[in-house]
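Below is one structure, written out as structure tokens; the observations come after it.
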Protein chains: 2
Amino acid sequence: MPQVQPRRNTTQKRVILQSVAELGCHPTAVQIYSAVRQVLPRTSLSTVYRNLGILVDQGKIKAVKGAGSEIHYDHNTCEHNHIECTVCGRVCDVHVNPLNIDTLDPETVSNFIVLEVHMNILGICPECAEQLEKEKLQ
Amino acid sequence: MPQVQPRRNTTQKRVILQSVAELGCHPTAVQIYSAVRQVLPRTSLSTVYRNLGILVDQGKIKAVKGAGSEIHYDHNTCEHNHIECTVCGRVCDVHVNPLNIDTLDPETVSNFIVLEVHMNILGICPECAEQLEKEKLQ
DNA sequence: ATTCGTAATAAGAACTATTCCTATTATAGA
DNA sequence: TCTATAATAGGAATAGTTCTTATTACGAAT
């Protein structure tokens, strides 16, 4: 059976968790790394990645995969979905009624046991839409 | 304005498209590469990636991003969603009523212009579920 | 408070999936 | 058939993430 590892409460781990919460808008590992280094300048990127993994395992944050290749981290662990700007890559929250897992007909899900439903919406954020409008007029 | 490049109809491109269709269940670039090399043994992986990109641009296939880090390719370009096995990584089709983009309240989508809605379901496929059952009994 | 075992760290190497580069090949139009 | 150049094979480069290892520092037990 899987051992529960002891977990030390290090400064790095605390600052990393705090940075994810304070940055708010779904930062990437590198953005979190930059924020953490303003407080603890000797922090390494691998420490950031390792602790993000631990925090995800502990359910304290969530990892969000979008259209891009980077993983974003979310301090809001309540069930919700995301919308991503195809221009600037920004990720925002969306609260649409989730599909009720239990009402899914087994045949429509190829007889899979359904665990999680993720909805990812692609779009253009208001700022980028405005910018595109300006460029069109010139 | 964007130039339309001339496109040559090469053997590699034809075999790559055919492989995506014949492999059926959402192959990755490496799986397509293996299949193509059974017909054209000197094909390079970069040729596979380049042509997959062209075929996606031309709307002949679709790229599907799941929970894993590899991109899967889908010969079915009709709108549908996917379910992915968290054990073996297999991707299958799912036909659930899509969210109607036009009925979304602007405020719930942070005033984004909505372009596409992707639903990705995570679960356990029947084969892996059976395997896990067996292991549990031992 | 001090000691000590070991979890966590910093630094950078390694890895994986994908994209880019360049000399060579082969397609399609003349 | 000839020719211009798009596409190819092969491999280097890149980006994001994970792994390795010597060193540091947390916290339990003295």
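Chain identifiers are assigned alphabetically (A, B, ...) following the order of the sequence lines, protein sequences preceding nucleic acid strands; residue numbering begins at 1 within each chain.
Evaluation of the salt bridge (charged side-chain N to carboxylate O under 4.0 Å, His left out) test over residues 8-19 of chain A, restricted to residues two or more places apart or in two chains, returns none. Applying the salt bridge (charged side-chain N to carboxylate O under 4.0 Å, His left out) rule to pairs touching residues 123-138 of chain A yields Arg90(A)-Glu127(A), Glu133(A)-Lys136(A), sequence neighbours excluded. The ring pair (Phe, Tyr, Trp, His ring centres under 6.0 Å) analysis of residues 41-78 of chain B, with sequence neighbours excluded, yields no pairs.
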Pairs under 3.5 angstrom only: tabulate donor-acceptor contacts from the side chains of residues 51-58 of chain A to other protein residues two or more places apart or in another chain.
| unit_1 | atom_1 | unit_2 | atom_2 | d |
| --- | --- | --- | --- | --- |
| Asn51(A) | ND2 | Thr47(A) | O | 3.1 |
| Gln58(A) | OE1 | Lys60(A) | NZ | 3.4 |

Could you pull out all donor-acceptor pairs under 3.5 Å where a side-chain atom in residues 22-29 of chain A meets a protein atom, sequence neighbours excluded?
| unit_1 | atom_1 | unit_2 | atom_2 | d |
| --- | --- | --- | --- | --- |
| Glu22(A) | OE2 | Gln18(A) | NE2 | 3.0 |
| His26(A) | ND1 | Val91(A) | O | 3.0 |
| His26(A) | NE2 | Asp74(A) | OD2 | 3.3 |
| His26(A) | NE2 | His82(A) | NE2 | 3.3 |
| His26(A) | NE2 | Asp93(A) | OD1 | 2.8 |
| Thr28(A) | OG1 | Gln31(A) | N | 3.3 |

Would you give me the side-chain donor-acceptor pairs under 3.5 Å for residues 32-41 of chain B, sequence neighbours excluded?
| unit_1 | atom_1 | unit_2 | atom_2 | d |
| --- | --- | --- | --- | --- |
| Tyr33(B) | OH | Arg37(B) | NH1 | 3.0 |
| Ser34(B) | OG | Val30(B) | O | 3.1 |
| Arg37(B) | NH1 | Pro41(B) | O | 3.4 |
| Arg37(B) | NH1 | Thr43(B) | O | 2.6 |
| Arg37(B) | NH2 | Pro41(B) | O | 3.1 |

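For the pair Arg7(A) and dA7(C), the criterion of a side-chain N or O lying under 4.0 Å from OP1 or OP2 is not met. Tyr49(B) has no side-chain polar atom (N or O) that falls below the 4.0 Å cut-off from OP1 or OP2 of dT19(C).
Across all their heavy atoms, Asn120(B) and Ala67(B) have their closest contact at ND2-N, 4.1 Å. Of all heavy-atom pairs spanning Phe112(B) and Pro126(A), the tightest one is CD1-CD, 3.9 Å. Of all heavy-atom pairs spanning Ile83(B) and Gly123(B), the tightest one is CG1-N, 4.5 Å. The two atoms that bring Gly59(A) and Thr77(A) nearest to each other are O-CG2, 3.5 Å, heavy atoms only. Scanning both residues, Ile61(B) and Leu17(B), for their nearest heavy atoms gives CG2-CD1, 3.7 Å. Scanning both residues, Cys125(B) and Cys85(B), for their nearest heavy atoms gives N-SG, 3.4 Å.
Of the residues in residues 53-66 of chain B, none lies under 4.0 Å from DNA chain D by heavy-atom distance. Of the residues in residues 36-47 of chain B, those with a non-hydrogen atom less than 4.0 angstrom from any atom of DNA chain C are Leu45(B), Ser46(B). Less than 4.0 Å separates DNA chain D from no heavy atom of any residue of residues 16-30 of chain A. A heavy-atom distance below 4.0 Å to DNA chain D is reached by these residues of residues 8-15 of chain A, ordered by number: Arg8(A), Asn9(A).
Contact annotation: the side chain of Thr108(B) never approaches that of His95(A) to less than 4.5 Å [non-hydrogen atoms, C-beta and beyond].
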Between N or O atoms, less than 3.5 Å apart, protein on one side and nucleotides 14-16 of chain C on the other: list the pairs.
none

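Taking the side-chain contact (heavy atoms from CB on, under 4.5 Å) definition, one finds that Pro106(A) meets it with Asn111(A), sequence neighbours left out.
Rounding to the nearest 0.5 Å places NZ of Lys62(B) at 7.5 Å from NE2 of His80(B).
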